[in-house]
Chemist: 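Sharing a structure here in structure tokens format.
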Amino acid sequence: MVSCSEKAVEKPENLIDKDVMIDILYDITVMQSAETVDPIKMNQNNVKVNELIYKKYNIDSITFNKSNRYYASDPNRYKKMYGEVYHRLEKATEALGETSMGQTGKPIEPSDTPAIQ
């Protein structure tokens, strides 16, 4: 049992900054989406999402997992963090659509994306 004044998850010593954690969650979401769209190409190119993320942010799996667990222990905070990820994804999608309009004269449609194999 945990009282109201106690935290269920202790703040880790090497907690990843909240804004950096949002960047990491965004990158993971984008990379996992790419993996879903074309898993064969990701596999052929030996792309390992977690390894890329750890290298990019100079962290290890323990640091990431402890920080992620800490942030996820507060559902409201975690929901806001993922709200920011969602907002960034929307902006990236809009920018892609604008790029497509400039290059092809038509927006990107769901049918333009490769089918999941």
Side-chain angles (χ1 to χ4, degrees):
M1 292 292 263
V2 177
S3 73
C4 294
S5 63
E6 293 180 45
K7 297 231 182 229
V9 176
E10 293 280 328
K11 182 177 179 180
E13 279 184 37
N14 54 347
L15 178 68
I16 297 169
D17 178 76
K18 182 180 158 195
D19 291 333
V20 174
M21 192 67 180
I22 291 169
D23 291 342
I24 293 170
L25 294 172
Y26 173 83
D27 285 348
I28 289 171
T29 302
V30 170
M31 294 294 294
Q32 286 177 339
S33 295
E35 198 170 45
T36 299
V37 170
D38 200 346
I40 294 170
K41 183 160 279 201
M42 296 285 276
N43 192 35
Q44 287 172 340
N45 291 304
N46 200 29
V47 175
K48 297 190 179 4
V49 173
N50 290 348
E51 288 178 17
L52 286 172
I53 296 297
Y54 301 150
K55 185 175 181 176
K56 178 178 180 180
Y57 291 96
N58 197 29
I59 58 173
D60 58 31
S61 61
I62 294 170
T63 301
F64 172 76
N65 287 324
K66 284 183 177 182
S67 294
N68 194 47
R69 183 171 179 251
Y70 174 77
Y71 287 119
S73 71
D74 181 342
N76 290 326
R77 173 181 54 209
Y78 208 54
K79 182 179 178 182
K80 287 178 186 174
M81 290 170 73
Y82 264 99
E84 177 62 29
V85 170
Y86 180 78
H87 178 70
R88 288 184 189 179
L89 289 169
E90 282 185 320
K91 285 174 65 174
T93 302
E94 287 173 14
L96 245 143
E98 290 171 10
T99 300
S100 176
M101 282 292 288
Q103 291 177 353
T104 66
K106 66 177 191 160
I108 292 176
E109 299 291 333
S111 61
D112 294 334
T113 59
I116 297 173
Q117 299 177 7

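The shown structure was predicted, so the numbers you read here are calculated from the model rather than taken from an experiment. Residue indices begin at 1 and follow the sequence shown.
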Chemist: Do you know the tightest heavy-atom contact between I16 and Y71?
Modeler: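 Of all heavy-atom pairs spanning I16 and Y71, the closest is O-OH, 2.5 Å.
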Chemist: Flag the pair P39 / N43 as yes when at least one side-chain heavy-atom distance between them is below 4.5 Å, and no otherwise.
Modeler: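 When only atoms from C-beta onward are counted, N43 and P39 do not touch, as no gap falls below 4.5 Å.
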Chemist: Step by step, work out the side chain to side chain contact (heavy atoms under 4.5 Å, CB included) result for V47 and M31.
Modeler: CA-CA 9 Å; V47 175; M31 294 294 294; 3.8 Å; yes
Chemist: Do I22 and R88 come within less than 4.5 Å of each other through their side chains, counting heavy atoms only?
Modeler: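 SC-SC contact between I22 and R88 confirmed.
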Chemist: Would you say N58 has more than 12 foreign heavy atoms packed within less than 6.0 Å of its CG?
Modeler: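 Not buried by this count: 12 neighbours or fewer within 6.0 Å.
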Chemist: Is there a path of hydrophobic side-chain contacts, each under 4.5 Å between heavy atoms of I, L, V, M, F, W or Y residues, that connects Y82 with Y86?
Modeler: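 Different clusters: Y82 never reaches Y86 through Ile, Leu, Val, Met, Phe, Trp or Tyr contacts under 4.5 Å.
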Chemist: Can you find a heavy atom in the side chain of V20 that is under 4.5 Å from one in the side chain of I59?
Modeler: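 No; the side chains remain at least 4.5 Å from each other.
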Chemist: How about CD on E90, more than 12 heavy atoms from neighbouring residues, nucleotides or ligands closer than 6.0 Å, or not?
Modeler: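 Counting neighbours around CD of E90, more than 12 heavy atoms of other residues, nucleotides or ligands fall under 6.0 Å, so yes.
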Chemist: Any heavy-atom pair between the side chains of E13 and K66 that's under 4.5 Å?
Modeler: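 The answer is no; the side chains never approach within 4.5 Å.
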Chemist: Using a distance-only test with no angle check, is there a side-chain donor-acceptor pair under 3.5 angstrom linking N50 and K48?
Modeler: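 On atom types as modelled, these side chains do not qualify, holding no pair under 3.5 Å.
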Chemist: To check you understand the geometry: which heavy-atom pair defines the closest contact between L89 and Y26, and what is its length?
Modeler: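 Smallest heavy-atom distance, with atoms named: CD2-CE1, 3.5 Å.
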Chemist: Does the side chain of D23 pick up a donor-acceptor pair with the side chain of Y57 at under 3.5 Å?
Modeler: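 No, no side-chain donor-acceptor contact under 3.5 Å.
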Chemist: Under the salt bridge (Lys or Arg N to Asp or Glu O under 4.0 Å) test, which residues partner E51, sequence neighbours left out?
Modeler: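 With neighbours one apart ignored, the set is empty.
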Chemist: Starting at CD1 of I40, measure out to CG of N45 and round the result to the nearest 0.5 Å.
Modeler: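 Answer for the CD1-CG pair, I40 versus N45, is 12.0 Å.
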Chemist: How long is the span from the CG atom in L52 to the NZ atom in K55, to the nearest 0.5 Å?
Modeler: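 Output value for this atom pair is 8.0 Å.
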Chemist: With distance as the sole test, does D60 use its side chain to make a donor-acceptor pair with the main-chain N or O of I62 at under 3.5 Å?
Modeler: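 Checked: pair present.
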Chemist: To the nearest 0.5 Å, how far apart are CD in E35 and CD in Q32?
Modeler: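 Interatomic distance, E35 CD to Q32 CD, rounded to 0.5 Å: 6.5 Å.
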Chemist: Is there side-chain contact between F64 and M21, with heavy atoms separated by less than 4.5 Å?
Modeler: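 When only atoms from C-beta onward are counted, M21 and F64 do touch, with a gap below 4.5 Å.
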Chemist: OG1/T63 to CG/N14 distance, rounded to the nearest 0.5 angstrom?
Modeler: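 Answer rounded to 0.5 Å: 4.0 Å.
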Chemist: Go through it in stages, so that I can follow the logic: the residues are Y78 and L25, the test is side chain to side chain contact (heavy atoms under 4.5 Å, CB included), and I'd like the CA-CA distance, side-chain angles, deciding distance and then a yes or no.
Modeler: CA-CA 11 Å; Y78 208 54; L25 294 172; 4.3 Å; yes
Chemist: Which heavy atom of S73 sits nearest a heavy atom of V9, and at what distance?
Modeler: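 Shortest heavy-atom separation between S73 and V9 comes out as CB-CG2, 3.5 Å.
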